[in-house]
> 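Sharing a structure here in structure tokens format.
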Amino acid sequence: MNEVMETIISRQTIRSYKPEQITDEQLEQLCAAAKRAPSGRNCQPCHVRFIQNPDMLKQMNTDFKELVGYDTPAYTRWDTNPVYHNAPTFCVIFAESDSKMDAGIMCENICIAAQSLGLGTCIIASVGALFDEGVEDGVKWRRAWNIPDSYKFQIAIAVGYPDEKPELKPRFEDRIQIIK
């Protein structure tokens, strides 16, 4: 199996990260992977931010919990396992409203690049509630991250050095078929 295929097949979700920050070189390579993501008609509709400020991440998590509630089943461990899974780098992708596919392609580019660099990732959609229309704290974060007001949250990615090695999860073999 070639190196690219090995990277794609070995990538898995990581929800536990070591506290050390990724290197500037790794960050530059993730940015390059994001920039090279294809988009429909090459319109390049995504705005991507890699947040590495721990105080900002903690406050974003608190704002998120204030919005969704501290007893929400999926987030009951918000103080020990925040929405960004304690990853030292948190990537957010915003885009024009009809660009979900382009954001998804960019997300996958970033995740595969991270895997190739020895980093783990977790794709996160739930934090998007913070950026829904009319959420005041979401406006605060958009401004802090220089995101155009008309752009909508698409997806986020926790990035860092894995502090776990989960088993690869099985896949449904019957979901892929070849028709000749």
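Sequential numbering from 1 along the given sequence is applied to the chain's residues.
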> Can you name the nearest heavy-atom pair linking S116 to A113, along with the distance?
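Of all heavy-atom pairs spanning S116 and A113, the closest is OG-O, 2.7 Å.
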> Does the side chain of K35 reach to within under 4.5 Å of the side chain of Q44, using non-hydrogen atoms?
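The answer is no, as the side chains (C-beta and beyond) never meet within the 4.5 Å cut-off.
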> I need the M60 CE to F90 CZ distance, nearest 0.5 Å.
4.0 Å
> Do you know which two heavy atoms are closest between A129 and V135, and how far apart they sit?
O-CG2, 3.8 Å
> If you measure from CD1 on I147 to NZ on K152, what distance do you get to the nearest 0.5 Å?
13.5 Å
> Hey, does the side chain of N86 reach the backbone of Y17 with a donor-acceptor pair shorter than 3.5 angstrom?
no
> Quick check: closest heavy atoms across Q154 and A103, and the distance to 0.1 Å?
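Nearest pair, atom of Q154 first, then A103: CB-CB, 3.5 Å.
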> Nearest heavy-atom pair of Q21 and P88: which atoms, and what distance?
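Shortest heavy-atom contact: NE2-O, 2.9 Å.
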> Less than 4.5 Å apart, side chain to side chain, heavy atoms only: is that true for D137 and L130?
yes
> If I take atom CD from residue E28 and atom CG from residue D24, how far apart are they, to the nearest 0.5 angstrom?
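The distance works out to 6.5 Å.
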> Should we say atom CE of M56 is surrounded by more than 12 heavy atoms from elsewhere, each under 6.0 Å from it?
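Counting neighbours around CE of M56, more than 12 heavy atoms of other residues, nucleotides or ligands fall under 6.0 Å, so yes.
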> Any link between I155 and V127 through a network of hydrophobic side chains (Ile, Leu, Val, Met, Phe, Trp, Tyr) touching at under 4.5 Å?
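No; tracing contacts between hydrophobic side chains, which count when under 4.5 Å, never links both residues.
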> What residues form a side chain to side chain donor-acceptor pair (under 3.5 Å) with S39, not counting sequence neighbours?
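Counting only residues at least two positions away or on another chain, S39 forms no side chain to side chain donor-acceptor pair (under 3.5 Å).
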> Under the ring pair (Phe, Tyr, Trp, His ring centres under 6.0 Å) definition, can you give me all pairs with a residue in residues 42-61, not counting sequence neighbours?
H47-Y151
> Can you list every ring pair (Phe, Tyr, Trp, His ring centres under 6.0 Å) pair that touches residues 110-137, not counting sequence neighbours?
F94-F131, F131-W145, F131-F153
> Can you list the residues that meet the side-chain contact (heavy atoms from CB on, under 4.5 Å) rule with I112, with sequence neighbours excluded?
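Testing I112 for side-chain contact (heavy atoms from CB on, under 4.5 Å), a comparison that skips the adjacent residues, returns T7, I8, R11, E108.
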> Flag the pair C107 / I123 as yes when at least one side-chain heavy-atom distance between them is below 4.5 Å, and no otherwise.
yes
> Taking side chain to side chain donor-acceptor pair (under 3.5 Å) as the test, write out the residues that go with K100, two or more places apart.
none
> Compute whether any side-chain donor of one residue and acceptor of the other, for E96 and S150, lie under 3.5 angstrom apart.
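Judged by distance alone, the side chains do not pair up.
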> Nearest heavy-atom pair of R49 and N146: which atoms, and what distance?
NH2-O, 2.6 Å
> Testing the 3.5 Å rule here: is there a donor-acceptor pair between the side chains of Q59 and D55?
no
> Looking only at side chains, do Q26 and T23 share a donor and an acceptor under 3.5 Å apart?
yes
> In Å and rounded to the nearest 0.5 Å, what is the CD to CG distance from E25 to L117?
8.0 Å
> State, yes or no, whether a side-chain contact exists between C43 and D102 at a heavy-atom distance under 4.5 Å.
yes
> State, yes or no, whether a side-chain contact exists between N61 and Y84 at a heavy-atom distance under 4.5 Å.
yes
> For E20, look at atom CD and say whether over 12 heavy atoms of other residues, nucleotides or ligands are found less than 6.0 Å away.
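Yes.
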> Identify each donor-acceptor pair in which a side-chain atom of residues 169-180 lies under 3.5 Å from a protein atom, sequence neighbours left out, and give them as a table.
none

> Between D163 and S16 (side chain of the first, backbone of the second, donor and acceptor by atom type, cut-off under 3.5 Å), is there such a pair?
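Side chain of D163 to backbone of S16: no pair is present.
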> So how far is it from L119 CG to I157 CD1, rounded to the nearest 0.5 Å?
12.0 Å
> Please check if the number of heavy atoms outside K140 that lie under 6.0 Å from its NZ is greater than 12.
yes
> Decide yes or no for C122 and I14: does some side-chain heavy atom of the first lie under 4.5 Å from some side-chain heavy atom of the second?
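Not in contact.
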> For a 4.5 angstrom cut-off between non-hydrogen side-chain atoms, does C91 reach I110?
yes
> Which residue in the set L57, V159, T89 passes side chain to side chain contact (heavy atoms under 4.5 Å, CB included) when paired with Q52?
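Result for side chain to side chain contact (heavy atoms under 4.5 Å, CB included) with Q52: T89.
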> Side-chain contact test, heavy atoms from C-beta onward, threshold under 4.5 Å: evaluate it for V83 versus I124 and give yes or no.
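With C-beta onward as the side chain, the pair touches.
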> Would you compute the distance between atom CD1 of I22 and atom CG of L27 and round it to the nearest 0.5 angstrom?
5.0 Å
> Can a donor-acceptor pair be found between the side chains of S10 and Q115 at a distance below 3.5 Å?
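Yes.
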> Counting only N and O atoms by type, is there a donor-acceptor contact under 3.5 Å from the side chain of Q12 to the main-chain atoms of P166?
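Checking the backbone N and O of P166 against the side chain of Q12, a donor-acceptor pair under 3.5 Å is found.
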> Do you know which two heavy atoms are closest between N109 and P38, and how far apart they sit?
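Between these two residues, the closest heavy atoms are ND2-CD, 4.5 Å.
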> Is the side chain of E164 donor-acceptor paired with the backbone N or O of R15 at a distance under 3.5 Å, no angle test?
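Confirmed, E164 side chain pairs with R15 backbone.
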